[in-house]
Number of protein chains: 2
Amino acid sequence: MGSDTAPRHPTLADVAARAGVSASTASLAFSGSGPVSDATKERVLAAAAELDYAGPDPRARSLRRGRSGIVGVVLEERVRAAFLDPVKIRTLDGIAEGIAPLGAGLLLFTDAGDGDAPVSIENAPVDAVVLIGCSPRLDASVEALRRRGIPTVAIEGAPGSEIPEITIDNEQATRRGADYLHHLGHRRVGIVTLPFDADRTRGVVTDDLVARATTAVTLERLAGARSVFPDAPAIAAAGSSIEEGREAARPLLDLPAVERPTAIIAQSDLLAAGVIRAAEERGLTVPGDLSVLGFDGIRVDGLQHDLTTLDQPSADKGRAAGEAVVRMLAGEAPESVAFTSTLHIGDTTAAPRTA
Amino acid sequence: MGSDTAPRHPTLADVAARAGVSASTASLAFSGSGPVSDATKERVLAAAAELDYAGPDPRARSLRRGRSGIVGVVLEERVRAAFLDPVKIRTLDGIAEGIAPLGAGLLLFTDAGDGDAPVSIENAPVDAVVLIGCSPRLDASVEALRRRGIPTVAIEGAPGSEIPEITIDNEQATRRGADYLHHLGHRRVGIVTLPFDADRTRGVVTDDLVARATTAVTLERLAGARSVFPDAPAIAAAGSSIEEGREAARPLLDLPAVERPTAIIAQSDLLAAGVIRAAEERGLTVPGDLSVLGFDGIRVDGLQHDLTTLDQPSADKGRAAGEAVVRMLAGEAPESVAFTSTLHIGDTTAAPRTA
DNA sequence: CTGAAAGCGCTTACAG
DNA sequence: CTGAAAGCGCTTACAG
């Protein structure tokens with residue numbers, strides 16, 4: 001017990017001292033952004049090597065420069081949930097591609113609303129942010145980022161805010177799918193929806209739930225379905241997963257045969273896969289006894305059907321968001337981008353048996 | 001043109017001034033980590049609200065505190081490539097789960113070797129790092145992180161380094177699969193491998209290539225296969241993808257029928273799927289004309305077969321790495337973890353026709 | 001409970 | 001080409 005305890009890592013000042021130059025000069029030697037003689041530069045680098053100096057501290061550098069070189073991606077809910085959702089993965093893939101010119105890192109975190117977490121919307125050291133997906137907390141997030149002065153772009157669901165949005169035609173696309181079911185002869189149709197709000201309330205979709213909804217995507221797809229089937233009963237799931245779809249389908253499928261829907265419109269492919277599973281568990285065949293329409297256009301692992309669905313360009317959306325970030329960071333004005341989904345007719349829809 | 005141009009964001013000092021307290025007190029009011037009277041705290045918060053202050057700057061905070069609250073994940077090659085690889089996705093998922101107690105963000109970047117990029121191994125503002133997967137540049141990465149004093153754990157492929165490793169039984173598992181093929185009666189077996197080095201050299205695997213290899217996983221799986229089939233010809237792919245597998249299978253499948261392998265051992269499921277596609281393009285049936293063994297245990301999108309493969313616990317590996325990070329950050333000594341893969345017998349392997 | 005001071009490690013005008 | 005100085009915005013002992 002005597003001298004220094006923790007073996008402190010060397011700093012630029014240490015390197016400068018050893019090289020016999022000023023800190024400014026040492027800094028220049030590292031950044032290369034100034035006139036330094038080759039001899040001096042060599043001396044600094046040699047000193048750094050001798051001290052096992054790892055290079056300028058990124059924390060100090062980013063404080064001083066005001067930029068961190070990091071682009072944030074804000075996911076709703078837990079980060080790991082996103083890794084289980086093929087749509088999110090494809091979107092992330094697109095973002096990574098879009099921001100590639102930046103050489104920036106991608107910081108993933110959530111808008112769980114905990115501003116005290118080490119990394120959150122309120123305090124993440126990011127130069128720009130992409131908000132992904134229909135988060136109920138979106139308004140608060142956008143506001144927090146505005147206060148921080150951080151360029152932001154939202155993928156889906158920031159209606160009314162000032163930030164650029166990357167969207168798809170949720171309502172029109174769903175209407176197109178619903179129209180198709182209608183043309184096939186379906187009249188009793190059920191809907192399985194994504195969550196409406198931060199609480200992710202499960203169960204029958206009431207007027208009240210709709211009125212208090214904060215998730216634009218859910219509302220838009222619901223409106224599209226109801227524009228064709230105004231009275232279609234809807235059940236809200238708590239998220240986009242096969243299991244949630246299976247649960248949500250229950251009240252619809254357990255109705256007496258004469259009341260049971262002949263078709264179900266699901267707001268995501270994973271939900272649709274759950275609906276199909278629920279139907280098959282009850283001995284119903286798809287599309288014989290029940291037609292099922294999805295949304296997304298992903299391939300669902302293990303699903304034996306070619307799902308009829310609205311194919312949306314997830315990766316394109318991500319890339320557009322990434323490119324918007326690059327533009328904003330360059331001081332340009334980014335623009336919102338709207339993509340279009342296409343109806344893919346698979347083998348999970350057919351005319352109803354009793355048509 | 002006169003006064004201030006850029007509408008500077010308010011700082012803690014501004015808030016303190018407006019609240020009529022010192023910066024120290026204002027800081028305390030925000031962090032909550034000190035004794036401040038309720039009245040003062042309220043005054044500070046009110047001043048902050050009036051100034052639209054967004055809270056302490058994370059860059060300054062992390063410089064001062066010495067921690068960023070960010071865990072880095074280093075991927076080989078481009079970030080977006082990882083989003084296309086199911087094994088990586090499952091591993092990331094596991095890491096996210098493992099570090100959940102930290103509330104930390106996950107910063108994804110690559111070890112592309114460009115230390116001048118805004119975010120790289122040399123300068124990423126991270127508290128700890130997980131190196132994922134068999135990177136040829138691993139040694140350099142580990143060394144850079146050691147110099148920076150950043151706790152590091154490697155998933156696969158850091159033999160000989162001082163850092164904890166999360167591994168699986170690559171050699172033994174592959175040997176188990178090869179044994180199974182041998183028992184089925186196969187004697188002419190080909191191998192399609194992952195890359196051996198940073199160059200990702202494609203083509204016939206020569207002794208020279210093996211001698212210069214820097215990717216442990218590739219070598220271990222190769223050794224496992226050759227322990228059963230010492231003379232098996234091997235073709236290296238440039239990555240783990242269906243297309244690479246398809247290409248790599250070509251020289252093996254284009255041999256005259258009497259020399260053509262009756263079975264191919266692929267070092268990943270994606271490569272195996274490519275091998276199967278290549279076989280079917282040539283009118284060969286699997287497993288009738290060719291048995292195919294994979295590695296990973298993922299479901300390959302669009303593959304009509306139930307692949308015989310070595311099922312490895314990717315998510316578990318990620319979680320173990322995340323937990324190791326949490327332990328290191330808590331000052332505990334982490335330990336290496338070795339997982340075991342299991343042989344899954346699907347419908348892509350059978351006795352050879354000429355057995 | 002509150003304030004003055006130092007300092008985290010670097011970069012950037014500004015002189016020379 | 002090089003150096004002295006200021007400051008990025010905060011937090012943390014240390015006094016009081």
Side-chain angles (χ1 to χ4, degrees), chain A residues 6 8-45 47-48 51 53-69 116 118 122-125 127 147-150, chain B residues 6 8-45 47-48 51 53-69 116 118 122-125 127 147-150:
Chain A
R8 193 178 58 87
H9 280 268
T11 69
L12 230 208
D14 298 327
V15 173
R18 174 171 258 262
V21 301
S22 71
S24 344
T25 300
S27 174
L28 258 24
F30 271 100
S31 72
S33 62
V36 187
S37 74
D38 284 350
T40 306
K41 186 168 188 173
E42 228 165 80
R43 204 135 42 84
V44 172
L45 264 24
L51 292 177
Y53 177 63
D57 185 316
R59 291 177 296 238
R61 188 202 289 256
S62 79
L63 171 57
R64 184 56 228 234
R65 297 229 249 229
R67 278 210 179 180
S68 64
D116 290 334
E122 284 77 17
N123 63 27
D127 295 338
R147 291 204 297 184
R148 294 183 60 194
I150 293 179
Chain B
R8 192 177 59 85
H9 281 269
T11 70
L12 230 209
D14 298 327
V15 173
R18 175 170 257 263
V21 301
S22 72
S24 343
T25 302
S27 174
L28 259 25
F30 271 99
S31 71
S33 60
V36 188
S37 75
D38 283 351
T40 305
K41 187 169 187 174
E42 227 165 81
R43 206 136 41 84
V44 172
L45 264 23
L51 293 177
Y53 177 62
D57 185 318
R59 291 177 294 240
R61 186 201 291 255
S62 79
L63 171 58
R64 184 56 229 236
R65 299 229 246 228
R67 277 209 180 182
S68 65
D116 289 335
E122 283 78 16
N123 63 26
D127 295 337
R147 289 203 297 183
R148 294 183 59 195
I150 293 179

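A, B, ... follow the sequence lines: proteins, then strands. Residue 1 opens every chain. Remember, predicted model here, so these are calculated numbers, not experimental data.
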Residue set satisfying side chain to side chain contact (heavy atoms under 4.5 Å, CB included) with A/Arg67, at least two apart, ordered chain then number -> A/Asp127, A/Leu329
Would you kindly compare B/Val21 and A/Pro10 by the position of their nearest DNA chain C nucleotide and give the one closer to the 5′ end?
-> B/Val21
Does the side chain of A/Thr40 come under 3.5 Å of the side chain of A/Ser37 through a donor N or O and an acceptor N or O?
-> yes
All pairs passing salt bridge (Lys or Arg N to Asp or Glu O under 4.0 Å) where residues 53-63 of chain A contributes a residue, at least two apart = A/Asp57-A/Arg59
Heavy-atom closest pair (B/Ala16 atom, B/Ala26 atom, distance to 0.1 Å) is CB-CB, 3.8 Å
In terms of heavy-atom contacts, B/Gly55 and B/Phe30 come closest through CA-CE2, 4.4 Å
With a 4.0 Å heavy-atom cut-off, tell me which residues in residues 62-69 of chain B come close to DNA chain C, sorted by residue number.
-> B/Leu63, B/Arg64
Could you state the interatomic distance from CG (A/Leu12) to OG (A/Ser31), rounded to the nearest 0.5 Å?
-> 9.5 Å
Heavy-atom donor-acceptor pair, A/Arg148 side chain to A/Ala124 backbone, under 3.5 Å | yes
Could you check which residues of residues 38-45 of chain A get a heavy atom under 4.0 Å from DNA chain D? Sort them by number, please.
-> A/Thr40
Side chain to side chain contact (heavy atoms under 4.5 Å, CB included) with B/Leu51: which residues, sequence neighbours excluded?
-> B/Pro10, B/Asp14, B/Val15, B/Arg18
With a 4.0 Å cut-off on heavy atoms, is B/Ser27 in touch with a base, just the backbone sugar-phosphate, or nothing at all?
-> base
Which part of the nucleic acid, if any, lies within contact of A/Ser37, taking any heavy atom under 4.0 Å across all strands shown: a base, the sugar-phosphate backbone alone, or nothing?
-> sugar-phosphate
Closest non-hydrogen atom pair between A/Ser62 and A/Ser68, with its separation | CB-CA, 3.8 Å
Between OH on residue B/Tyr53 and CZ on residue A/Arg147, distance to nearest 0.5 Å = 10.5 Å
Just checking A/Phe30: base, sugar-phosphate only, or nothing, at a heavy-atom cut-off of under 4.0 Å?
-> nothing
May I ask you to say what B/Pro35 touches in the nucleic acid, namely base, sugar-phosphate or nothing, with a heavy-atom cut-off under 4.0 Å?
-> base
Sort by first number and list every stem of DNA chain D: at least 3 consecutive Watson-Crick or G-U wobble pairs, both distances under 3.5 Å.
-> C:1-3 with D:14-16, C:5-12 with D:5-12, C:14-16 with D:1-3
What distance separates B/Arg64 CZ from B/Ser27 OG, expressed to the nearest 0.5 Å?
-> 9.5 Å
Footprint ends on DNA chain C, 5' to 3', for atoms under 4.0 angstrom from a heavy atom of chain B, come out as C/dC1 to C/dG9
